[in-house]
Amino acid sequence: MSKNIEIPQGKRTKFYRFFEILPAFLSYGAIVLMLILSIVSPFWASVYLLFIIAALLVKAIGVAYRTFGGYRKMNSALKVDWLERLNSLENPKNSYNALKKATVSTNKEFEFRNHLENLKYISSEKDFLKPSEVFNAVIVAAYNEPYEVIRPTIQSLIETKYPKSNMLIFFAYEERGGAGIEETAKKLQQEFSSQFKAFEIVKHPKDLPNEVVGKGGNITFAGRALAKYCQKNKLPFENVVVTTLDCDNKPHEQYFAATTYEFIVQPNRKHLSYQPISLFLNNIWDAPAPMRVLATGNSFWNLVVSMRPHRLRNFASHSQPLDALVEMDFWSTRTIVEDGHQFWRSYFHFDGNYSVVPIMIPIYQDAVLSDTFPKTLKAQFIQLRRWMYGASDVPYAAQHIFTKERTVPFWDGLAKFYVLVEGHVSMVYQAVLAAFGGWIPLLLNNSASRSLVAHQLPTTISAIQQFATIGLFATIFVSLKMLPPKPARYKKHRTIFMVLQWFLMPITSICYGSAAAAYSQTRLALGKYLDKFDVTEKGTVADIDRAKEKRKKAREAKKSRK
């Protein structure tokens, strides 16, 4: 590796600690400032709160607008035969001549003009990468999930419209997951090994040095095994695209064809990663209402950021060239948020010459679902606090930007740093102040009741929030359009609950979004680092029923032995 891009271990420097404390300081500071202003000057407290509400309203309108745009763009991308486009790159000159006089209907296809320009550009290259020379490696990470949860993911890879002879599957499982997951790994290999060019199982040893208990160590260990496989089989690193999947992920059938297409047409491919749209819809009909709201909201956010490539970051499943990963020593093994951290790791490794390409094709994931409602509520909070621990990237980014040894453009780095900090800080205070801020001046300052501005503040905020519900109706409409088919076990009234659930959004925003962000930032500020990846329980009602039945049989067998 050409430079140190690792997260520090042990005692941090004062500089690093300052930026670890910064997110919590700003988050709590925004709330404390409202309390102080309410005591000192109800007028300025009102102005301050209205500024926050106005910013939130603008953001909500932008989210609604881009949700519609993202949904339309995704639908357009899904109508394209990406395998056909990909195959046209095998002989780009002939394909260009055949398509440049395309019919009107073809001409209206998603980014068809760009496709023609890509064919023309590649035709002019003496040595161009052909689709048949590209291999897609898929690292599927697992801990101790049952065979019934993992098998559909492997099956979804078989069902993709991409040559399986060019797919390498590396099933990465944890030694600490126990004998059950090892048995599952061997069973999967025996069942599916003939379906792909390779199906390797890789056991990640427990308690390796310089690793937290997390997914990063697992997929990095598997990535190194993949590199050895490619060396042994003379597959050039620069021809291999690596996609990481959780064991509940199901890529859309067009994902690998679309990603390979983008990989080939990008001249700067080593310095890019490819981000699909993560949609948490696999088991959305089975999940409880609060989890449905959060899962759908997260899906919307992924649609939104796909429309703003300059703000797009690695999240959950994503793809990156193997030569870049080998050069960087794959993912960080020192953080529980290896996906989001991979953006900063790559950005600094490539001296700022790195970006994320949106792939407008979804990878479907599970919403949180455990075998009881209380356990599901707890599991959801644990998942969100892990995501919100992305605030740990603030000191990491600061360390590489605010230094004389900086290797990235200062203003570009500063802009990205601001987006990082603002996103985490606003997550804590915005929902809280939007819900309760209007009453604070009246409760803390007797003179506020005599202030017309402060007295009218709750009414004004309520009116603004009612206006913002226009955006909510827009998102409800899109959410219903995105729903997978309703399982036969549910009656029609279940669809009504899919609409009524949105009344829970203010509660979920505070109890989960704000609370999880505050929890993670507080831990970071106190130096009580989250160093264990808590696996989120997911699945369907059928999976839970099977698990209950298995536990019941185990109990009965234990009793009979006694």
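Given the structure is predicted, the values throughout are model-derived calculations rather than measurements.
For the pair M307/K73, a side-chain contact is recorded, criterion being any heavy-atom separation below 4.5 Å from C-beta on. For the pair R311/K416, no side-chain contact is recorded, criterion being any heavy-atom separation below 4.5 Å from C-beta on. Side chains of F330 and V242 form no contact here, defined as non-hydrogen atoms less than 4.5 Å apart. S355 is listed as a side-chain neighbour of L272, based on a closest heavy-atom distance under 4.5 Å. Side-chain contact check for V337 versus S392: some heavy-atom pair is nearer than 4.5 Å. Side-chain atoms of T335 and V212, non-hydrogen and from C-beta on, never get closer than 4.5 Å to each other. Residues Y512 and M291 are in side-chain contact: their nearest non-hydrogen atoms beyond the backbone lie under 4.5 Å apart. Taking 4.5 Å as the limit, some side-chain heavy atom of S317 sits within range of a side-chain heavy atom of L245.
Across all their heavy atoms, A142 and N218 have their closest contact at O-ND2, 3.5 Å. Closest heavy-atom contact between R224 and D329: NH2-OD2, 3.0 Å. Nearest heavy atom pair, residue V357 against residue L312, reads C-CD2, 4.1 Å. Shown here for G214 and F533, the closest heavy-atom pair between the two residues is CA-CB, 3.3 Å. The nearest pair of heavy atoms linking L303 to M482 is CD1-SD, 3.9 Å. Here the shortest heavy-atom pairing between V305 and N302 reads CG2-O, 3.5 Å.
Proximity of a side-chain donor or acceptor of S306 to a complementary backbone N or O of P358 within less than 3.5 Å is not detected. A distance-only check finds no donor-acceptor pair linking the side chain of S41 to the backbone of L37 [under 3.5 Å]. In terms of modelled atom types and a separation under 3.5 Å, the side chain of Y48 and the main chain of A30 share a donor-acceptor contact. A donor-acceptor distance shorter than 3.5 angstrom exists from the side chain of E145 to the backbone of Y143, with no hydrogens or angles considered. Using modelled atom types, one side-chain atom of S520 and one backbone atom of A516 make a donor-acceptor pair closer than 3.5 Å. In this structure a side-chain-to-backbone donor-acceptor pair under 3.5 Å is missing from T296 to V293. A donor-acceptor pair under 3.5 Å links the side-chain atoms of R406 to the main chain of I401, judged by distance alone. Of the possible donor and acceptor atoms, none in the side chain of S514 sits under 3.5 Å from a partner among the backbone N and O of A431. The main-chain N or O of T333 is never found under 3.5 Å from a side-chain atom of E338 such that the two would form a donor-acceptor pair. Q254 places a side-chain N or O within donor-acceptor distance of the main-chain N or O of L78, the cut-off being under 3.5 Å.
Using cut-offs of 30° and 60° for the angle between ring planes, the H204 and F221 rings count as tilted. Using cut-offs of 30° and 60° on the angle between ring planes, the pair Y364 and H252 is tilted. Ring planes of F263 and Y274: perpendicular class, angle over 60° (limits at 30 and 60°). Between H318 and W331, the ring-plane angle classifies as perpendicular under the 30° and 60° cut-offs.
Residue-environment remark: OH (Y65) stays at or below the threshold of 12 foreign heavy atoms within 6.0 Å. With a 6.0 Å radius and a threshold of 12 heavy atoms from other residues, nucleotides or ligands, F25 has its CZ atom at or below the threshold. A 6.0 Å sphere centred on CE of M427 holds no more than 12 heavy atoms belonging to other residues, nucleotides or ligands. For CZ of F410, the number of neighbouring non-hydrogen atoms (other residues, nucleotides, ligands) closer than 6.0 Å is greater than 12.
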Check step by step if side chain to side chain contact (heavy atoms under 4.5 Å, CB included) holds for V394 and L420.
CA-CA 7 Å; V394 170; L420 174 67; 3.9 Å; yes
Check the pair Q266, E262 against side chain to side chain donor-acceptor pair (under 3.5 Å), reporting the backbone distance first and the verdict last.
CA-CA 6 Å; Q266 297 287 346; E262 285 294 339; 3.2 Å; yes
Trace of the ring-ring contact (aromatic ring centres under 6.0 Å, His included) decision for Y429 with Y28:
CA-CA 7 Å; Y429 74 82; Y28 290 125; over 10 Å; no
For salt bridge (charged side-chain N to carboxylate O under 4.0 Å, His left out), just list the numbers for R345 and E327, CA-CA rounded to whole Å, side-chain angles, deciding distance to a tenth of an Å, and then say yes or no.
CA-CA 12 Å; R345 186 178 170 86; E327 196 175 295; over 6 Å; no
Side chain to side chain contact (heavy atoms under 4.5 Å, CB included) assessment of V138 paired with L168:
CA-CA 6 Å; V138 185; L168 315 170; over 6 Å; no
Show your working on side chain to side chain donor-acceptor pair (under 3.5 Å) between N249 and D366 and close with a plain yes or no.
CA-CA 7 Å; N249 294 176; D366 286 351; over 6 Å; no
Evaluate the criterion side chain to side chain contact (heavy atoms under 4.5 Å, CB included) for residue pair V63 and W301; output intermediate values, then yes/no.
CA-CA 8 Å; V63 166; W301 181 248; 4.1 Å; yes
Side chain to side chain contact (heavy atoms under 4.5 Å, CB included) for V432 and V428? Distances and angles first, verdict last.
CA-CA 7 Å; V432 174; V428 174; 5.9 Å; no
Evaluate H271 against F350 for ring-ring contact (aromatic ring centres under 6.0 Å, His included), listing each step before the verdict.
CA-CA 7 Å; H271 296 172; F350 290 117; 4.3 Å; yes
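Two rings, from W82 and F256, have their centers 6.0 Å or more apart. In summary, the aromatic rings of Y354 and F343 are positioned with their centroids under 6.0 Å apart. For F280 and W387, the distance between ring centers is under 6.0 angstrom. When ring centroids are compared, Y261 and H115 come within the 6.0 Å threshold. Note: Y529 and Y389 fail the aromatic proximity criterion, with ring centroids not under 6.0 Å apart.
For the residue pair Q365 and S278, a side-chain donor N or O sits within less than 3.5 Å of a side-chain acceptor on the partner. Side-chain contact of N283 with D248: a donor-acceptor pair under 3.5 Å is absent, judged by distance alone. For D339 and N314, the side-chain atoms include no donor-acceptor pair closer than 3.5 Å. For the 3.5 Å distance criterion, the side chains of Q320 and T243 fail to qualify, holding no donor opposite an acceptor. Using a 3.5 Å distance cut-off with no hydrogens or angles, the side chains of Y255 and N136 do not pair a donor with an acceptor.
With salt bridges taken as basic N to acidic carboxylate O contacts below 4.0 Å, none links R176 and E211. Look at R12 and E20 and you find a salt bridge, because one of the NZ, NE, NH1 or NH2 atoms lies within 4.0 Å of a carboxylate O, short of that distance.
With rounding to the nearest 0.5 angstrom, the NE2 atom of H349 is 6.0 Å from the CD1 atom of I5. Taking CG from L524 and CG from D393, the interatomic distance works out to 10.0 Å, rounded to the nearest 0.5 Å. For the atom pair I277 CD1 and M74 CE, the distance stands at 5.5 Å (nearest 0.5 Å). With values rounded to the nearest 0.5 angstrom, L129 atom CG is found 9.0 Å from I122 atom CD1.
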